[in-house]
Protein chains: 2
Amino acid sequence: MSGMNRRRITSKELAKLAGVSSATISRAFSPDSRIGSATRDRILAVAREHGYQPNAIARSLNNQRSRLVALVVNAIGNPCEAEEQQLLVHRLQARQLLPIILCCADHSDRLQLMRLASTYQVDHVVVFSDMVSMQDAVDIFHTTKPIIVSFEPLESENVSSIRIDGSKAADEIIEKIVRDGKKRFAYLSGTNSSWIDKLRRKWFADALAKRGLSFEAQAFGDYSYDSGFKEAVLLLHRDKVDAIICGNDVMAIGARDAARRVLGRNTPDDIAIVGQDGIAMAAWDCNDLTTLSLDHTAFIDAVVELIERHDAEIEGPHSITLTCTPRWGSTA
Amino acid sequence: MSGMNRRRITSKELAKLAGVSSATISRAFSPDSRIGSATRDRILAVAREHGYQPNAIARSLNNQRSRLVALVVNAIGNPCEAEEQQLLVHRLQARQLLPIILCCADHSDRLQLMRLASTYQVDHVVVFSDMVSMQDAVDIFHTTKPIIVSFEPLESENVSSIRIDGSKAADEIIEKIVRDGKKRFAYLSGTNSSWIDKLRRKWFADALAKRGLSFEAQAFGDYSYDSGFKEAVLLLHRDKVDAIICGNDVMAIGARDAARRVLGRNTPDDIAIVGQDGIAMAAWDCNDLTTLSLDHTAFIDAVVELIERHDAEIEGPHSITLTCTPRWGSTA
DNA sequence: ATGCATTTTGTACACGATTACACAAATGGC
DNA sequence: GCCATTTGTGTAATCGTGTACAAAATGCAT
């Protein structure tokens, strides 16, 4: 058992050792199948002795179920996604499902990678990335109904999706900032082309419009601390804004630092800064960020819910909508 | 091609459509195999038309190579590991290897999960977690030589490992702090039982001993910001230390905040705080942490190097040692 | 002991690819 | 024109399991 047995023992070999047929071996490892309990115990004992475990690859081929799940994500390190990834991975593993992470720097590679994963007959696909269009996902995984975490307003027979609505939370946040006397708002985007970014911006833009205001300036970063820092310097210095809504929490922290270190402005008196995502780090004492936050647990619950519906083969399009809430800190 | 074709087409069916045998289909998809180039082109065209892709599960069963790699990690969100995970995933995918993430809250589940992954005939195993002993890894993956990122001083025929040596960097950091006049040192551990933690502490303890000093106090956290914050309050208030060496960067940030907010002490004048890992966040303007840092790229290069050695079936134990360097910030 | 229902086990094929082997056709050198 | 070699393709076995069907063994009532 210990040490290095290069070759793995097969069910046929184990069958010989236990004096039964390989079919009986298989039955011993299938929870509810017709087999004498004495035989099963004997087989399991011999199996343990020789370190036998059924080969999941062969089983998948036969079953037409791999118990693999493809997770398409933008990045692993990004804290906002990471918290959700972590939760989802735990939930999957509790169901004996193994996650394959697909994560790529550039876009054409990403599609290539998705094609590769699709050849592994994954049972489910969860797309967290706004870099992947619904159509691409459906085309590539044409036998596996993908679950899309999406802001796209597209309903399709072949996709289940989770929508996120932050309009009410954005309204509450803008209400507070306006009441505090801020007048010149800027939006700091994470990207210049994603659906997610456009929709998030719209939540806040609508809230401003309701009060006869609009964004005086807009900048584009890349969701990183450094880009938040750099763009905020420009927005404050050149555009003289006194409130910055950021595309995510990490950029908001960068912006807050820029205001404080480069221009000597403090939140929330001189300037208001708002993040989005509600990552754990935003609540750290040193950050204490006001942020439009999503309940990560509810979010992952929704993903798991959709996976279970797929497993139960319930037909038809499925869509779940979640709403965000403000998390109040000392930056706005 | 577009839309939802429930069933995936097989090589045998494609063979009929293209008027060849299934063996020829297989050859069309194997880069260097004897096949007429006209036939190959025709097959690839028909394949594209019908959305055919060879089934990787079936191929793996035949090949005895799955191109799957198991990554055993403590957590996904943890920024220190996340940066390395991200790098490794990219490097694997560039080699057409798919990573399966194994990540578990509690320890017995973790072993169970590793057993599950081993049934998928993974080609390689990379263990990043100090919660898994070498022996466990070797026992569970007895056909796949694991690659361990380890601080354990164990050499084994069945394991390749990467060692990390921070003794010289720790010495330089202690030198500077002592020169700055600090006298009472504390070590804030991430766990109370891991090899990694013990070894890291030893690097600093040795550097202190060399100068006739030792740790006046020791505390145990859990690598989180909150635990860093909480334990630092105790260390500063109860034990009156003026230098805290932390088990990782995140706890160091927590400790710095505690010093500043709760006790009004500032770095580096009142107190010195040192992190470990060298995560990107440590270099953010708001943190500017002094930390014992590892070159993440070199680290992942080493992992990939070991994977390639396994692929090339070079025998014998392999071990690569990396050394850390200090990254100087304004906290020490 | 016999007949029938029920449980247990074995045999044989399927899952979807790869590949050793055999064989036909094409090529080339003399 | 003949033989040796190369090239292209098909046939059939293989990878390790699950399962339909058949066969055997068991239990129970007569």
Side-chain angles (χ1 to χ4, degrees), chain A residues 5-44 46-47 50-68 116 118-123 143, chain B residues 5-44 46-47 50-68 96 116 118-123 143-144:
Chain A
N5 330 12
R6 257 280 162 231
R7 234 177 53 71
R8 202 173 280 268
I9 194 174
T10 73
S11 72
K12 206 165 287 184
E13 295 172 293
L14 190 69
K16 197 158 292 177
L17 289 168
V20 294
S21 77
S22 74
T24 305
I25 300 293
S26 170
R27 284 189 269 256
F29 283 89
S30 301
D32 30 38
S33 65
R34 302 166 93 71
I35 183 176
S37 57
T39 326
R40 161 170 284 153
D41 292 347
R42 185 162 47 88
I43 289 178
L44 291 183
V46 182
H50 293 271
Y52 171 81
Q53 292 269 107
N55 181 327
I57 295 290
R59 170 184 285 170
S60 302
L61 178 59
N62 187 293
N63 278 351
Q64 313 275 62
R65 291 192 80 223
S66 63
R67 304 198 73 80
L68 296 173
L116 176 60
S118 85
T119 67
Y120 278 81
Q121 321 295 100
V122 292
D123 288 346
T143 58
Chain B
N5 331 11
R6 260 277 163 231
R7 234 176 56 69
R8 204 174 278 268
I9 195 176
T10 73
S11 73
K12 207 165 285 183
E13 295 171 293
L14 190 70
K16 198 158 290 176
L17 289 167
V20 294
S21 76
S22 75
T24 306
I25 300 293
S26 169
R27 283 189 270 256
F29 283 89
S30 302
D32 31 37
S33 63
R34 296 187 351 187
I35 184 175
S37 57
T39 322
R40 161 170 286 152
D41 292 347
R42 185 162 48 86
I43 290 178
L44 291 183
V46 182
H50 294 271
Y52 171 82
Q53 292 267 108
N55 181 326
I57 296 290
R59 171 185 284 169
S60 301
L61 179 59
N62 185 290
N63 277 351
Q64 313 275 60
R65 290 193 82 225
S66 63
R67 306 198 71 83
L68 296 172
Q96 307 274 298
L116 176 60
S118 85
T119 67
Y120 279 80
Q121 320 296 100
V122 291
D123 288 346
T143 59
T144 315

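A, B, ... follow the sequence lines: proteins, then strands. Residue 1 opens every chain.
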Atom-to-atom span, CG of A:Asp41 to P of C:dT8 - whole angstrom: 12 Å
B:Ile43/B:Ile25 under side-chain contact (heavy atoms from CB on, under 4.5 Å): CA gap, chis, key distance, verdict: CA-CA 7 Å; B:Ile43 290 178; B:Ile25 300 293; 3.8 Å; yes
Results of side chain to side chain donor-acceptor pair (under 3.5 Å) for A:Ser22 - residues two or more places apart only: none
Positive for side chain to side chain contact (heavy atoms under 4.5 Å, CB included) with B:Ile57, one of A:Thr119, A:Asn63, A:Val122, A:Ile57: A:Ile57
Chain B footprint on DNA chain D, 5' to 3' - any atom under 4.0 Å from a heavy atom: D:dT7 to D:dG16
Residue list, side chain to side chain contact (heavy atoms under 4.5 Å, CB included) with A:Leu44, at least two apart or on another chain: A:Phe29, A:Arg40
First encountered from the 5' end of DNA chain C, between A:Thr39 and A:Gln64: A:Thr39
Protein-to-nucleotide contact annotation, 5' to 3' order, nucleotides 17-24 of chain C [B base; S sugar-phosphate only; - none; under 4.0 Å, heavy atom]: BBB-----
A:Ser60 side chain near A:Tyr120 side chain, heavy-atom distance below 4.5 Å: no
By side chain to side chain donor-acceptor pair (under 3.5 Å) - contacts of A:Gln53 (at least two apart): none
Validation row: A:Arg8, B:Gln121 side chains within 4.5 angstrom (heavy atoms): yes
Candidate pair B:Arg59 and B:Asn62, rule side-chain contact (heavy atoms from CB on, under 4.5 Å), full reasoning: CA-CA 5 Å; B:Arg59 171 185 284 169; B:Asn62 185 290; 6.0 Å; no
Sugar-phosphate only, base, or nothing, as touched by A:Leu61 at under 4.0 Å among non-hydrogen atoms: base
Check against side-chain contact (heavy atoms from CB on, under 4.5 Å), B:Leu116 and A:Arg67: CA-CA 11 Å; B:Leu116 176 60; A:Arg67 304 198 73 80; over 6 Å; no
Bend angle of the helix from C:dA1-D:dT30 to C:dC30-D:dG1, from helix axes over five pairs at each end, nearest 10°: 40°
Gap separating the OH atom of B:Tyr52 from the CG atom of B:Leu14, nearest 0.5 angstrom: 6.5 Å
